Amino acid sequence: MENCSKFIVKYRNWILLIATILLIPSMIGYFNTRVNYDILTYLPTSSPSIVAQDHLNDDFNLAGTAMIVVDDTPEKEVKDLEAKIAEVPGVDRTLWRSDVVDLSIPQSVLPDEFRKALYADNATMIIVTFTEPAASDSTMNAIEQIKTLCNENEHVAGFSAITADTKDMIDRETPIYSGIAVLLVLVVLSLGLKSWLAPFIFILGMVYPIVYNMGTNIFLGEISYVTKALSMILLLAVSMDYSIFLLHRYQEEKQKGENKEEAMAKAIHATWISITSSSITTIAGFLALLVMQLTLGRDIGLVMAKGVLLAVICTILILPSLLMFFDPWIEKWQHPALIRPLPKFSSWVVTHHKAILIVFVILFIPAIYCNSHVAQYYDLAASLPGDLESVKGTNELKDKFDMTTSHFIMVDKDLSSSDTQAMIKEIEGLDGITNVIAYDKFVGPMIPAELEPEAIKDLTETDDLKLVLVNTSYRSATDEINKQIDDLYTITQKYDPNAMIAGEGNMTKDLIDVTNVDFQMVNVVSILAILVIIALTFKSFSLPFILVVCIEFAIVVNMGIPYLTHTELPFIAGIVIGTIQLGACIDYAILMTSRFKEELEKGLNPKEAIQTAITQTMPSIITSGMSFFAACSGVSLIAKMDLIKSLCTLLGRGAVISVIVILTVLPSLLYLSNSLIAKTTKGWPKAQAAHDQKHSESEGISVHA
């Protein structure tokens, strides 16, 4: 690495040139990486709802549907609107009253069930199906065009419309998130560093790994909109430390009298060791998300782990050139750092270490209780702003047609008409069912031949399957609809053991079952991975548990606060927040512990060593933690989507809590457990432990005397 450091310094300008040129293909990759706006598609392919959804798409071409609610409009105009919608690219077919019977036939003659399905009060509904699934580019483009055809009395509703509005909102707000995060991180860095210019150099240096990371996502095929919205903010927050480490070491080497080239070469060599050991824990935290059955975890985990790795590489290869080029101005434009060491605070922590640990123990149990009882929601549509057109339309669909969620039930085509009608009758008897649409309901001796709805037959029957559309007043992800789905399975599989249920409701039910397992798996894997890394880093049996218990305490306090504030969190928060907070903030604990060991090796007794460790690491920990807080909390203040707002609020608050814990609880544990650490850690300064014991005994004798 020493030879590599000299090589990097010697050819720094060529490296910077090549790195800058590589931004071009990265930008091309970024703009050509598809973004998935439907989290339900990340369910395991073996989930019953996904198997059913595949059949719904392949056999009936109904994976993407939308409803157009039309108020106070003459039927002729509704027919004209339907005809225009049918011509939109990406639309497969439309279904309205005119597809069943001529408009000259009065509504009163229509079958009751059909009339109730399409008419309510002064409104009617056009059903639209698309050639591709709801989250496809084709369907979202089609919905955008349909919106342009609709006036103020016509609203696009349904899951496909909500997905399209989610895309518009994320695409519109993501650049704002990035701008706010950068601005606030600049403010924090200006407080923590002595140079006015250095924060801007750091941000410039972070442009390279961020763009590389987003550009190389093209090799993953696609990323989720959650990853797109958060990856830049998270990478900025968790990787800024590396730039700070390099600058401080470079300035330290220059103060020793080295010229710029030699100082930077030594700084790179020294920094490489510290940032690689620091980044390993962060990368391990993100990679723990790969064990999730919900492949959204793999999406976030791979992108963020790749981003941290790229940030390390860019800090070593690219930032040296930038720092050396701007070095005269960095040194010239100086100001007093406002985030400074506080020796009195360090002394206070050591003096009150027992009281701090008592508070730590007392708070831990209620924090665990609160964390485990936080309410969660799985209906991500509910997290969208109420002023979105799709949300307004969906609410109108519920209010006027008593239709909140739709189930698509598929049974064997050979199931007799009498059995099908008997099954439908049982389904209609379930609580919450508002109406059932099936071809078998609209045929028979009581229905005139001219009113037999062939359009419904074309929509609901194939060579192998027949489809029953069931509408319910229950919202997805509620206990009521989950029980309703269980009852639907009981009824339908009595008539056809291979009956399938597709739709948002069943997919969300599977989502709940999958994520409950994922939550436990991710936590266990991330904790085990961090324990192993710390054990290998310090060659210790006790230190991994001391460090991890501190961060886990910070996590449960952070995740327990919503219980006290009666805040409902999106389901994904419980899975990813703990992992990200553990992986990112364990660095602070490692920094504190390493400095404590370093001071002991210099001959200081444990009390002096821990006080020095707190004092010297405080500026770095606070600056890093506040950068994390600023980047995330700024976004939480402006984000309209509750999913993004909640995640950023938790991440920002978690960084602050972690900083407090690392500056108070961890030093107290290290100081109190020094003798144990010395016995269970290879190479720990044991002589100092003995010195501390004798010192404590002598103090005890003095006090007793």
Side-chain angles (χ1 to χ4, degrees), residues 339 341-374 523 527 530-531 534 542-567 574 577-578 581-582 584-593 595-596 606-622 624-626 628-629 633 649-677 692 696 699-700 703:
I339 300 177
L342 299 175
K344 290 184 179 179
F345 174 80
S346 307
S347 177
W348 180 87
V349 170
V350 176
T351 303
H352 298 88
H353 71 279
K354 291 183 179 178
I356 290 171
L357 292 178
I358 290 172
V359 173
F360 163 70
V361 173
I362 292 174
L363 288 179
F364 215 134
I365 295 176
I368 293 173
Y369 175 85
C370 292
N371 176 37
S372 62
H373 287 79
V374 172
N523 279 345
I527 289 172
I530 301 297
L531 284 172
I534 296 174
S542 57
L543 280 175
F545 295 97
I546 293 173
L547 271 58
V548 168
V549 78
C550 287
I551 298 296
E552 284 298 316
F553 171 68
I555 291 170
V556 295
V557 169
N558 183 31
M559 295 298 294
I561 290 175
Y563 173 79
L564 301 176
T565 58
H566 305 289
T567 302
I577 295 299
Q581 189 176 341
L582 176 63
C585 298
I586 196 70
D587 295 351
Y588 308 156
I590 293 174
L591 179 63
M592 176 70 71
T593 306
R595 190 59 185 252
F596 178 46
K607 182 177 181 179
E608 295 169 336
I610 199 64
Q611 285 187 195
T612 303
I614 298 171
T615 302
Q616 295 304 317
T617 59
M618 182 184 297
S620 297
I621 291 173
I622 292 177
S624 176
M626 290 304 99
F628 204 140
F629 169 77
S633 296
T649 298
L650 289 166
L651 287 167
R653 186 173 64 210
V656 174
I657 295 171
S658 296
V659 168
I660 294 171
V661 170
I662 296 306
L663 291 178
T664 56
V665 177
L666 179 60
S668 302
L669 278 173
L670 291 174
Y671 178 53
L672 189 68
S673 308
N674 185 56
S675 298
L676 173 65
I677 296 170
D692 181 47
S696 299
E699 283 187 339
V703 171

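Please read all numbers here as calculations on a predicted model, not as lab measurements.
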Just how far is it from atom CD of E552 to atom CD1 of I368, taken to the nearest 0.5 Å? 9.0 Å
How long is the span from the CE atom in M559 to the CD1 atom in I657, to the nearest 0.5 Å? 10.5 Å
By side chain to side chain contact (heavy atoms under 4.5 Å, CB included), T649 pairs with (sequence neighbours left out) S636, K645, R653
Minimum heavy-atom distance G560-C370, with the two atoms named: O-CB, 3.5 Å
Minimum-distance pair of heavy atoms, taken over all atoms of V557 and A367: CG2-CB, 4.0 Å
Geometric class of the F553/F364 ring pair [parallel <30°, tilted 30-60°, perpendicular >60°]: tilted
Does CG belonging to L564 count more than 12 external heavy atoms closer than 6.0 Å? yes
Would a 4.5 Å heavy-atom cut-off, applied to side chains only, mark L543 and I677 as touching? yes
Spacing of Y588 atom OH and L663 atom CG [to the nearest 0.5 Å]: 10.5 Å
Once you round to the nearest 0.5 Å, how far does OG of S347 lie from NZ of K607? 6.5 Å
Looking only at non-hydrogen atoms, find the nearest pair between S620 and L591 and report the distance. CB-CD2, 4.1 Å
Looking only at heavy atoms, which two atoms of I614 and P667 are closest? And how far apart? CD1-CB, 3.5 Å
Answer yes or no: is there a donor N or O on one side and an acceptor on the other, between the side chain of S633 and the main chain of F629, under 3.5 Å? yes
Check the pair L666 / V661 against side-chain contact (heavy atoms from CB on, under 4.5 Å), numbers first and verdict last. CA-CA 6 Å; L666 179 60; V661 170; 5.7 Å; no
With sequence neighbours left out, what residues match I356 under side chain to side chain contact (heavy atoms under 4.5 Å, CB included)? W348, V349, T664, V665, S668
Main-chain N/O of L670 paired with S673 side-chain donor or acceptor, under 3.5 Å: no
Per the side-chain contact (heavy atoms from CB on, under 4.5 Å) rule, which among I534, L531, I662 passes with L547? I534
Shortest non-hydrogen contact between V374 and P562, atoms and distance: CG1-CB, 4.0 Å
About how many Å separate OH of Y671 and CD of Q611, when rounded to the nearest 0.5 Å? 8.5 Å
T593 side, atom OG1; I610 side, atom CD1 - distance, nearest 0.5 Å: 7.5 Å
If every non-hydrogen atom of Y563 is compared with every non-hydrogen atom of H373, which pair is closest and at what distance? CD1-O, 3.3 Å
For H566, ring pair (Phe, Tyr, Trp, His ring centres under 6.0 Å) partners two or more places apart: none
So, do I586 and Q581 sit near enough that their side-chain heavy atoms are less than 4.5 Å apart? no
